[in-house]
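Following: one structure in structure tokens, then a few remarks.
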Amino acid sequence: MIAKVIVDVPSRQTDRPFDYAVPRDMEPWIEPGSRVGVPFGGRVLQGFVIGLADESEFDAKRIKPVAELLDPVPPLLPDLIELARWMSDKYVCTWIAALQAMVPSALKGKAERFVTLSNEAPDDNGALSGLPEELLQWLNKDGGVKLDVLLGRFPHYAGAVKQALKAGMLEEKTSIHDRVGIRKVLTVYPPEGSSDPERLFASLPARAGKQRELLAYILRNNEPIPLQRLLAEAGGSAGSVRALADKGLVTIREEESKRDPYAGREFKRTEPLPLTPGQQDVYGRIAGAVESPEPKVMLLHGVTGSGKTEVYLQAIHHCLTLGKQAIVLVPEISLTPQMVERFKGRFGDAVAVMHSRLSHGERYDEWRKIRSGAVQVAIGARSAVFAPFERIGLIIIDEEHESSYKQEETPKYHARDVAVKRAKQHGAAVVLGSATPSLESYAAASRTSPGGESMLLPMPERVHGGPLPPVRIVDMRGELMSGNRSMFSRSLHQALEERLARGEQSVLLLNRRGYSTFVMCRSCGYSATCPHCDISLTYHRKSGVLRCHYCGHAEPLPASCPSCGSEHIRYFGTGTQRVEEELAKLFPGIRVIRMDVDTTSEKNAHEKLLKQFGDREADVLLGTQMVAKGLDFPYVTLVGVIAADTSLNLPDFRAGERTFQLLTQVAGRAGRHHLPGEVIIQTYAPEHYAIAAAQRHDYAAFLAEELKHRSLLAYPPYCRLVLVTMSHEQIGVLAPAAEQFAGELRALAGAAGYLGPLDGGRPKTMEVLGPTASPIAKMKDRYRFQCVIKYRGNIDISSMLRAASKPLMEAPAGRQAQISIDIDPQMIL
DNA sequence: AGCACGCCGACT
DNA sequence: GTCGGCGTGCTC
């Protein structure tokens, strides 16, 4: 049998299956989806079997055998192999990159090299004179010694070892080792068969009281038990258990243990809540789609507080009763304990939870619950879309507009698009849920389906019928003119004061990263920039250094201007740290919890801070985007947005959309329970439609206006985008390479008859913009150029990109510009 | 990506 | 005359 293997080398040259002979003893175990170790170019690498073939057709001489099988059960299923193929096509990435994205990182094995004494090596030391005695002692360990350990320990013998390997006195073996050890636990098994307890005890010496006790316990329990637990419950030492095992009375085996991060936590069972008529309608539509064998994508457009989650829960329940499985995708930041509790409370042990706060090992264990069929529901961030279920009935993507569904690293996939593809494979339903849907999804759902049925599921009312909180817009230009130079308007100042007096809570949003201040000299205009990147350095208060966001370069904050010597150095741009300081000044004694990247980097910090706030240990929760999502605290009656313009002013075509979404989301945090809420938005652009629409909670108005702009400037959803970024150390190499790429692409598009303005009447049109210098023109000492491609219609853009980038890859070494292709980019700036 | 094979400068 | 520099090219 021949295995077609994709090896773990992420390069275009090796991006194809290689053939390997399957040794007889592996034949029953190797399947498409198996992970194997294979010899490849003089070393052993990890790879995935994507198919099997008959031996006869292959040139046996050129084929090497599979070296090892790495898992008892193939980590991938056939549908995922096909999905990886689709991803590598669509996103222009290697096959292996797509496959690796689907398995937990614990399964990213790397080769380890071992050296052992060769069997043929003569025994007498004279013949091994090349090797010193101290080395020989090490090498005598069975199983051999890791090469890097050996060389680390005896660097001066590197030459001797190399020679001995060459001469055949030492042998080298390679095998794949998983990055995360699978935790092994010693488990004690009761005696097999129904042997007579009397006789078992009789075989114990009279003095072995402890062993007798242990055996009695094991027999009574009559179940396999982890050794540690046995010792804890029955007392005794590992030695006495070992003695029992030696007498053959019990068996000890090594078993893989499964970590359960939620072990020992009780989840209160929750019952389905009665649905409102609106919810009931939507539920019915989803349930119908789950039942139907046809794949369907639906957009659940529900205002904040409309009870989307309850609809999800009941739809999942319906899916499970049909014997199918469900995947729930949630933005990382919303995967809070409350969220997990809701799902665990309804479905108990049938849920696996995957999020980035789990260790590699824990995530692997959750993944195995899915793979083994122990659970039917997977809830997690982006990568949970690859949950290895065999019969998917429903995929839910909550807060579908969130940009975190797009992976920023290769493979640059969008979980929404992958979900739609996977649903097609399984005949499943996809439900996209949001109060502020992305324009792309909204446009797609509004197109009437072939059956004439709309895929839009509106839920315009809040469950408890309460109104959305009133939103006040404060024009900060007016504040400045009336002499208020503080970052707090008088309205917001007063509103905060009232909350403090009443003992209510406030949420303050500054939608700008915590440390986004830059440093400039007021005398000469000098500003600190990174020597390796074309970007200003940002000031880190905590460490007192200026740091580059892109390459990590750090330098001390200068006391005087390095350019003109002036001491008028000022910090510009307000970060959350500054607001925190200001709050303390304005409201002495105020208790503030700051939540941003700096304060939540520690494990569980996020959870801890929210719990503190929920326990009313603070008056104000101040933070970045992360305070806008999904929080639900009854005593929050004020939401303040300090500067709504920060995200509005980004030079990206989605700036308006982002701002509207953010403001709408954060406004939904106020007055969710019996206390009425209020929202205050400070801005320098009060007339901007994104802000005005957010004030009225008016998605339709925002949509209409935003669509006009998108249409006018030809942006999604009126076309699709690709961002191609090229980089090289020398601008003189990069510029012509980038031109060549763009030229090549234009030529291809022209030959196919696609080239032309997007507003032309043709169904298939594309435009190639650039190359131009990237917004960050230099990063990590490499210059960067970019091309933006806009296209409409069913164009195989990926193939064109591959073809156009080929000459770049084949350029002579040293003149090869690096190229990165981002399909449907999140930002083009 | 790595490792091997292959052609030109500082050493025994 | 050899050791080794790292520049191309292939890996079942």
Side-chain angles (χ1 to χ4, degrees), chain A residues 1-24 26-27 30 32 34-70 81 88 92-101 105 107-115 130 146-148 151 155-168 170-177 179 409-411 727-730 733 782 805-820:
Chain A
M1 202 163 55
I2 293 292
K4 305 243 168 221
V5 176
I6 303 290
V7 294
D8 186 13
V9 179
S11 87
R12 239 175 250 200
Q13 279 183 56
T14 52
D15 190 24
R16 62 182 179 85
F18 285 82
D19 299 322
Y20 288 91
V22 178
R24 263 289 135 71
M26 280 187 207
E27 266 184 27
I30 288 203
S34 292
R35 197 169 58 109
V36 290
V38 289
F40 191 76
R43 67 217 149 114
V44 173
L45 287 180
Q46 177 180 297
F48 288 97
V49 177
I50 56 149
L52 297 169
D54 203 291
E55 196 137 5
S56 53
E57 312 161 28
F58 293 86
D59 175 5
K61 271 170 284 167
R62 281 189 58 196
I63 286 178
K64 294 180 184 173
V66 173
E68 51 184 332
L69 176 64
L70 297 173
I81 297 173
S88 70
V92 200
C93 69
T94 60
W95 215 336
I96 191 68
L99 289 164
Q100 295 280 33
S105 55
L107 297 184
K108 268 174 203 142
K110 266 198 85 181
E112 277 182 348
R113 304 165 70 184
F114 292 86
V115 270
K146 270 189 221 168
L147 184 62
D148 51 342
L151 293 182
H156 45 291
Y157 291 142
V161 170
K162 204 175 159 191
Q163 267 190 351
L165 280 167
K166 221 175 184 177
L170 290 180
E171 267 178 8
E172 190 185 335
K173 282 187 186 143
T174 335
S175 77
I176 306 287
H177 262 240
R179 232 204 287 158
E409 304 83 45
T410 315
S727 71
H728 195 274
E729 286 161 30
Q730 296 162 43
V733 173
R782 298 177 69 90
S805 57
K806 220 174 157 206
L808 252 71
M809 325 286 293
E810 285 163 3
R815 318 215 96 228
Q816 278 180 13
Q818 228 177 59
I819 181 164
S820 141

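Below, chain A is the first sequence line, B the second, and so on; all start at residue 1.
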**Fill in**
Once base and sugar-phosphate atoms are separated, protein heavy atoms under 4.0 Å mark nucleotides 7-12 of chain C, 5' to 3', with B, S and - as -S-BBB
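Side chains of A:Arg12 and A:Ser805: a donor-acceptor N/O pair is present below 3.5 angstrom, by distance only.
Between A:His728 atom NE2 and A:Leu808 atom CG the span is 10.0 Å, to the nearest 0.5 Å. Atom CD1 of A:Ile30 is separated from atom CZ of A:Arg35 by 12.5 Å, given to the nearest 0.5 angstrom. Atom NZ of A:Lys108 is separated from atom NZ of A:Lys110 by 13.0 Å, given to the nearest 0.5 angstrom.
Using a 4.0 Å cut-off on heavy atoms, none of the residues of residues 92-101 of chain A approach DNA chain C.
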**Item:** side chain to side chain contact (heavy atoms under 4.5 Å, CB included) between A:Val36 and A:Glu68, intermediate numbers included
**Value:** CA-CA 6 Å; A:Val36 290; A:Glu68 51 184 332; over 6 Å; no
**Request:** Would you check, one step at a time, whether the test side chain to side chain contact (heavy atoms under 4.5 Å, CB included) holds for A:Val5 with A:Ile50?
**Result:** CA-CA 6 Å; A:Val5 176; A:Ile50 56 149; over 6 Å; no
**Prompt:** Run the side chain to side chain contact (heavy atoms under 4.5 Å, CB included) check on A:Ser34 and A:Leu69 step by step: do they pass?
**Reply:** CA-CA 7 Å; A:Ser34 292; A:Leu69 176 64; 4.0 Å; yes
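Residues that satisfy the ring pair (Phe, Tyr, Trp, His ring centres under 6.0 Å) test with A:Phe40, not counting sequence neighbours, are A:Phe18. Taking A:Thr174 as the reference, nothing meets the side-chain hydrogen bond (donor to acceptor under 3.5 Å, both in side chains) condition, with sequence neighbours excluded. With sequence neighbours left out, A:Ala811 forms a side-chain contact (heavy atoms from CB on, under 4.5 Å) with A:Gln816.
Protein chain A contacts DNA chain B from B:dA1 to B:dC3, reading 5' to 3' and using non-hydrogen atoms of the protein with a distance under 4.0 Å.
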